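Nothing here was measured: the structure is a model prediction, and the numbers come from that model.
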Amino acid sequence: MMHTPPEAMTDTEHYLLICSLGIPFIIGYNVVCGILRGLGDSRTPLYFVGLACAINIGLDFLLVGGFGMRAMGAAIATVASQGISFVAALWFLHRRGFHFEFSRKDVRLKGYIARKVLTLGAPIALQDALINISFLIITVIVNQMGVIASASVGVVEKIIVFAMLPPTAIASAVAAMTAQNYGAGLISRMNGCLKAGIGMALIFGVSICVYCQFLPETLAGIFTKDADVIAMAAEYLRGYSIDCIIVSFVFCINSWFSGQGNSLFPMIHSMIATFFFRIPLSWLCSHLDPNGRGGRTIRSDVCERNQATVPEA
């Protein structure tokens, strides 16, 4: 359905099958770390993420670089790191315990709270679902351009994941602080949080965008040595990196609305950006050049795939 190039089909199947086995670990880890953050401990989840990253990188070198297991090795490394991180976080929570009484009778739905959560969460869930569907559609478009284009987009998306971490984290803080000040009636302070968040996010966004305009090959070269992939990824990265500036506003403003309990506006904004701009423009530009050059520089993602999880703060 995704028009995966035949040359990549076997690796894709291996990676998808093995990574899907790690979904329970991802769910469990997010639950445990959500509890820790709710108790005011945001450092410990960071340590467990660091542990998972270190294990993942080490196993990648061993399984992919040492044993040549290709995508299967990368998938095993990912699942193993997630599983170990989840077990470690669960053990820590068990040893630490709670600061309040908690038992099985507390694990139940409460009508009023459940309705409030559903009212706020349903638009966010729908936004997340639609965004992921749009990314699947764009992946279909890119895969039709061939293995080099598909690999180039994959390389750039890995780079962008790192580039979007600062604005995503700052937007999470904006959402939490907006909710706190909104509840306390401190509107001017709430607006100040938005301005400060945008300003801090812009520092990272502008820096990354400027670097990518002049030295994108150095970033693409970290992930591949294929000259064709590096050249195409570099061109794509020059266009894509502009989003690093745009999302400094988009992420923080969406979080500002969500922090006030208004998750409907971010959802509507996301739907307009996805189905009126991102997908149509990606399809159009992929047909402007027989070599598919237009399709890799115009894709204005605005990274809602990450943003969709921010309002949960």
Side-chain angles (χ1 to χ4, degrees), residues 2-5 7-8 11-12 15 53-54 56-61 63-66 68-71 73-75 77-78 135 138-169 201-248 250-251 278 281-306:
M2 308 250 329
H3 293 277
T4 302
E7 303 93 323
D11 283 337
T12 301
Y15 193 87
C53 289
N56 199 344
I57 293 172
L59 289 177
D60 276 335
F61 276 111
L63 300 178
V64 180
M69 297 179 64
R70 298 168 60 91
T78 299
F135 274 100
I138 291 174
T139 301
V140 171
I141 296 173
V142 173
N143 284 344
Q144 293 179 10
M145 300 178 189
V147 175
I148 293 178
S150 180
S152 301
V153 170
V155 167
V156 172
E157 288 187 344
K158 286 181 172 62
I159 296 171
I160 292 297
V161 165
F162 286 99
M164 293 299 169
L165 287 177
T168 300
L202 277 174
I203 294 175
F204 293 98
V206 172
S207 300
I208 294 170
C209 183
V210 170
Y211 187 92
C212 290
Q213 297 306 310
F214 295 98
L215 299 170
E217 294 86 359
T218 60
L219 297 177
I222 297 174
F223 297 92
T224 179
K225 300 302 179 183
D226 189 301
D228 292 334
V229 174
I230 291 177
M232 186 175 288
E235 185 179 346
Y236 181 32
L237 191 56
R238 285 191 179 94
Y240 200 163
S241 62
I242 297 174
D243 267 349
C244 295
I245 297 177
I246 298 175
V247 299
S248 300
V250 175
F251 284 14
R278 184 186 306 119
L281 288 177
S282 296
W283 179 86
L284 175 63
C285 292
S286 69
H287 289 77
L288 290 179
D289 187 328
N291 294 319
R293 294 182 180 273
R296 61 179 182 274
T297 58
I298 194 65
R299 181 180 159 203
S300 179
D301 293 336
V302 198
C303 270
E304 281 99 339
R305 177 168 48 188
N306 295 328

Asks: Minimum heavy-atom separation for Ala233 and Val156, please, with both atom names.
Replies: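 Closest pair (atom of Ala233, atom of Val156, distance): O-CG2, 3.4 Å.
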Asks: Roughly how far apart are Leu59 CG and Thr78 OG1, rounded to 0.5 Å?
Replies: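 One finds 9.0 Å between CG of Leu59 and OG1 of Thr78.
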Asks: From Asp243 CG over to Ser248 OG, what is the distance, rounded to the nearest 0.5 angstrom?
Replies: 10.0 Å
Asks: Any salt bridge (Lys or Arg N to Asp or Glu O under 4.0 Å) pairs touching residues 205-224, not counting sequence neighbours?
Replies: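 Sorted result for residues 205-224: Glu217-Arg238.
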Asks: Who are the side-chain hydrogen bond (donor to acceptor under 3.5 Å, both in side chains) partners of Ser241, not counting sequence neighbours?
Replies: Gln213
Asks: Which heavy atom of Tyr15 sits nearest a heavy atom of Ala71, and at what distance?
Replies: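 Smallest interatomic distance, heavy atoms only, reads CD1-O, 3.4 Å.
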Asks: Does Ser150 have any side-chain hydrogen bond (donor to acceptor under 3.5 Å, both in side chains) partners at least two apart in sequence or in another chain, and if so, which?
Replies: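 For Ser150 the side-chain hydrogen bond (donor to acceptor under 3.5 Å, both in side chains) partners, ignoring immediate neighbours, are Asn143.
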Asks: Got a sec, which residues hit side-chain hydrogen bond (donor to acceptor under 3.5 Å, both in side chains) with Thr218, two or more places apart in sequence or on another chain?
Replies: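 Once residues adjacent in sequence are excluded, the partners of Thr218 under the side-chain hydrogen bond (donor to acceptor under 3.5 Å, both in side chains) criterion are Tyr211.
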Asks: Does some side-chain heavy atom of Val64 sit less than 4.5 Å from a side-chain heavy atom of Arg70?
Replies: no
Asks: With rounding to the nearest 0.5 angstrom, report the CD to CZ distance, Glu157 to Phe162.
Replies: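 If we round to the nearest 0.5 Å, Glu157:CD and Phe162:CZ are 13.5 Å apart.
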Asks: In Å, rounded to the nearest 0.5 Å, how long is the span from CD1 of Ile148 to CD1 of Ile230?
Replies: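 Between atom CD1 of Ile148 and atom CD1 of Ile230 there are 11.5 Å.
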Asks: In this structure, which one of Thr224, Ile160, Ile222 forms a side chain to side chain contact (heavy atoms under 4.5 Å, CB included) with Val155?
Replies: Thr224
Asks: Who are the side-chain contact (heavy atoms from CB on, under 4.5 Å) partners of Ala54, not counting sequence neighbours?
Replies: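 For Ala54 there are no side-chain contact (heavy atoms from CB on, under 4.5 Å) partners, ignoring immediate neighbours.
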Asks: For Asp228, what residues pass the salt bridge (Lys or Arg N to Asp or Glu O under 4.0 Å) criterion, not counting sequence neighbours?
Replies: none
Asks: Quick check for you: to the nearest 0.5 Å, what is the distance between Lys158 atom NZ and Leu219 atom CG?
Replies: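 Answer for the NZ-CG pair, Lys158 versus Leu219, is 14.0 Å.
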Asks: Rounded to the nearest 0.5 Å, how far does OH of Tyr240 lie from SG of Cys209?
Replies: 13.0 Å
Asks: Show the nearest heavy-atom pair for residues Ala163 and Pro167, with the distance to one decimal.
Replies: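 Looking at all heavy atoms of both residues, the closest pair is O-CD, 3.5 Å.
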Asks: Which pair of heavy atoms, one from Met232 and one from Ser152, lies closest together, and at what distance?
Replies: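 So the two residues come closest at CB-OG, 3.3 Å.
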Asks: Which heavy-atom pair separates Leu63 from Gly73 by the least distance, and what is that distance?
Replies: CD1-O, 3.5 Å
Asks: So, for Ala149 and Val142, which heavy atoms are closest and what is the spacing to 0.1 Å?
Replies: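 Shortest heavy-atom contact: O-CG1, 3.7 Å.
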